[in-house]
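Below you'll find the structure, written out as structure tokens, and then a few comments.
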Amino acid sequence: MNYSDYFTNRPTDEITRDLVGRPLIYDNEKEKLGGYIVEAEAYMGKNDRAAHSYGGHRSPANEGLYRRGGTIYIYAQRQYFFFDVACQEENEPQGVLIRAIEPIWGIDTMIKNRSGKSGVLLTNGPAKMMQAFGIHDKNWNLHFLSDSPFKIDLEDDHRKPSQEIIADKRVGINQSDPVWANKKLRYYVAGNPYASDMKKRNYAKNNGWA
DNA sequence: CGAGGGATACACT
DNA sequence: GTGTATCCCTCGC
């Protein structure tokens, strides 16, 4: 399976759900940083009120969504950066936002990149994950995954099975269109401490893995 | 521990 | 000037 095929040929929400449990690695020539994806959100394109491409809106900042599936779309907001991957064919502006990982590789370096913050605070949010990787710019925006330091492991044998994957509404969406704001397009490992805003009382045994 | 609000910079009007 | 696919500190329990 290559990235082009993986990020096309089926609905974006299905792709998003399938990404949960897969390794995401940022390999900056010095060291591999990363972990298992525990939370991701789907953005369904022109009709999706919450998507940056809603209504066909297109600008230099959201160009990545319009590229072919497997293209990296890095977006800046406030002083933070987010990591998306475009889905579907060129000019079909859908994508998936990787929101959180359970850190596995290069944890010490990631803690340094996060100014000493460790534990769940290391990577339990989209901008925290990027900080942990030490990314503070849009350098890799518009690059195809295979031409970048980012790797998403598509080997099914390497996908960590979850006890349960929850579908819920996306985080931080403006409620002006309740239909789209409440659609269950966020997928996360039930009870995993690194899923954003996971309450301690909801922590699951074995972090929610099967 | 968890809810709530302020900080902060960038893209776009 | 306005709004934002967030983070983190403060404060009340």
Side-chain angles (χ1 to χ4, degrees), chain A residues 7 12-13 15-17 19-20 24 37-67 71-88 92-101 103 110-142 150 166-188 191-204:
Chain A
F7 287 100
T12 299
D13 51 345
I15 297 167
T16 305
R17 187 181 197 282
L19 282 169
V20 174
L24 169 65
I37 296 169
V38 298
E39 183 180 15
E41 285 178 352
Y43 288 85
M44 305 301 284
K46 297 175 183 173
N47 296 327
D48 183 350
R49 192 56 210 274
H52 292 155
S53 54
Y54 173 69
H57 172 75
R58 186 169 186 166
S59 72
N62 74 354
E63 175 65 22
L65 283 173
Y66 285 81
R67 301 291 177 90
T71 303
I72 293 171
Y73 168 42
I74 292 179
Y75 177 78
Q77 185 167 90
R78 295 172 167 85
Q79 67 271 54
Y80 304 122
F81 292 90
F82 306 86
F83 180 77
D84 292 44
V85 180
C87 296
Q88 310 309 329
E92 182 51 56
Q94 305 190 23
V96 46
L97 166 69
I98 309 299
R99 284 191 57 88
I101 61 173
M110 291 197 283
I111 291 174
K112 286 190 194 109
N113 289 341
R114 285 277 293 139
S115 317
K117 291 190 168 56
S118 63
V120 298
L121 294 178
L122 192 53
T123 52
N124 69 337
K128 298 179 195 177
M129 183 187 82
M130 291 295 261
Q131 280 181 6
F133 289 166
I135 296 172
H136 303 283
D137 56 45
K138 291 165 62 172
N139 189 41
W140 295 107
N141 186 38
L142 304 182
F150 292 93
I166 307 271
D168 205 348
K169 65 179 176 187
R170 295 170 290 186
V171 175
I173 303 300
N174 190 312
Q175 285 286 330
S176 60
D177 183 340
V179 175
W180 278 99
N182 294 323
K183 274 189 196 285
K184 298 187 171 180
L185 292 170
R186 176 170 64 111
Y187 298 90
Y188 63 93
N192 187 283
Y194 294 91
S196 58
D197 221 26
M198 181 64 63
K199 302 292 177 251
K200 246 181 189 168
R201 60 173 174 269
N202 293 328
Y203 283 8

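The figures that follow rest on heavy atoms only: side chains count, while hydrogens, waters and symmetry mates do not. A note on names: the letters A, B, ... follow the listed sequences, proteins ahead of strands, and every chain is numbered from 1. Note that this is a predicted model, so its numbers are computed, not measured.
Summary of the strand contacts: Met129(A) and Asn174(A) both lie near DNA chain C, and taking for each the nucleotide with the nearest heavy atom, the more 5' one is attributed to Asn174(A).
With rounding to whole Å, Phe83(A) atom CZ is found 18 Å from dT6(C) atom C1'. A straight line from CZ of Arg58(A) to P of dA11(B) spans 18 Å, rounded to a whole angstrom. Regarding Lys200(A), its NZ atom lies at a distance of 16 Å from the C1' atom of dA3(B), rounded to whole Å. Protein atom CG of Leu121(A) is 13 Å distant from nucleotide atom P of dG2(B), rounded to whole Å. In this structure, the CG atom of Leu97(A) is 11 Å from the C1' atom of dT6(C), given to the nearest Å. Distance Asp197(A) CG to dC1(B) C1': 12 Å, rounded to the nearest Å. For the pair Asp137(A) CG and dA9(B) C1', the interatomic distance rounds to 15 Å; values are reported in whole Å. We find that CD1 of Ile74(A) is positioned 15 Å from P of dC10(B), with the value rounded to whole Å.
Nucleic acid contact for Glu41(A): none, since no nucleic acid atom lies under 4.0 Å from a heavy atom of the residue. Across all strands, Arg78(A) comes closer than 4.0 Å to base atoms (heavy-atom distances). Residue Ala76(A) is out of contact with every strand shown, counting any heavy-atom pair closer than 4.0 Å. In this structure, Arg114(A) reaches the sugar-phosphate backbone alone: every heavy-atom distance under 4.0 Å involves primed, P, OP1 or OP2 atoms, never a base.
Taking the ring axis of Tyr66(A) as reference, the NZ or CZ atom of Arg58(A) stays within 45° of it and closer than 6.0 Å to the ring centre.
Here the nucleotide nearest the side chain of Lys199(A), chosen from dA9(B), dA3(B), dA5(C), is dA3(B). Closest approach to the His52(A) side chain among dA9(B), dC7(C), dA5(C) is made by dA5(C) (side chain taken as heavy atoms from C-beta onward). In this structure, the nucleotide among dA11(B), dT6(C), dC8(C) sitting nearest to the side chain of Phe82(A) is dT6(C). You'll find that the side chain of Lys117(A) is closest to dC8(C), out of dT4(C), dC8(C), dC7(C). Among the nucleotides dC8(C), dA5(C), dA11(B), the one closest to the side chain of Gln131(A) is dC8(C).
Separation of atoms NZ (Lys138(A)) and CD1 (Ile74(A)) is listed at 9.0 Å; rounding is to 0.5 Å.
Applying side chain to side chain contact (heavy atoms under 4.5 Å, CB included) to Leu97(A) and the options Tyr43(A), Phe83(A), Tyr73(A) leaves one that passes, Tyr43(A).
The closest donor-acceptor contact from the side chain of Asn182(A) to the backbone of Pro178(A) lies under 3.5 Å. The backbone N or O of Lys169(A) lies less than 3.5 Å from a partner atom in the side chain of Arg186(A), making a donor-acceptor pair. Within the 3.5 Å criterion, the main-chain N or O of Ala195(A) finds no donor-acceptor partner in the side chain of Arg99(A).
Aromatic stacking is marked for Tyr43(A) over dA5(C), as both cut-offs hold: 5.5 Å for the centres and 30° for the planes.
Stem list for DNA chain B (at least 3 consecutive Watson-Crick or G-U pairs, distances under 3.5 Å): B:1-7 with C:6-12, B:9-12 with C:1-4.
Residues Ala50(A) and Arg170(A) share a closest heavy-atom pair of CB-NH2, 3.6 Å.
Tyr187(A) meets the ring-ring contact (aromatic ring centres under 6.0 Å, His included) test with no other residue; sequence neighbours excluded.
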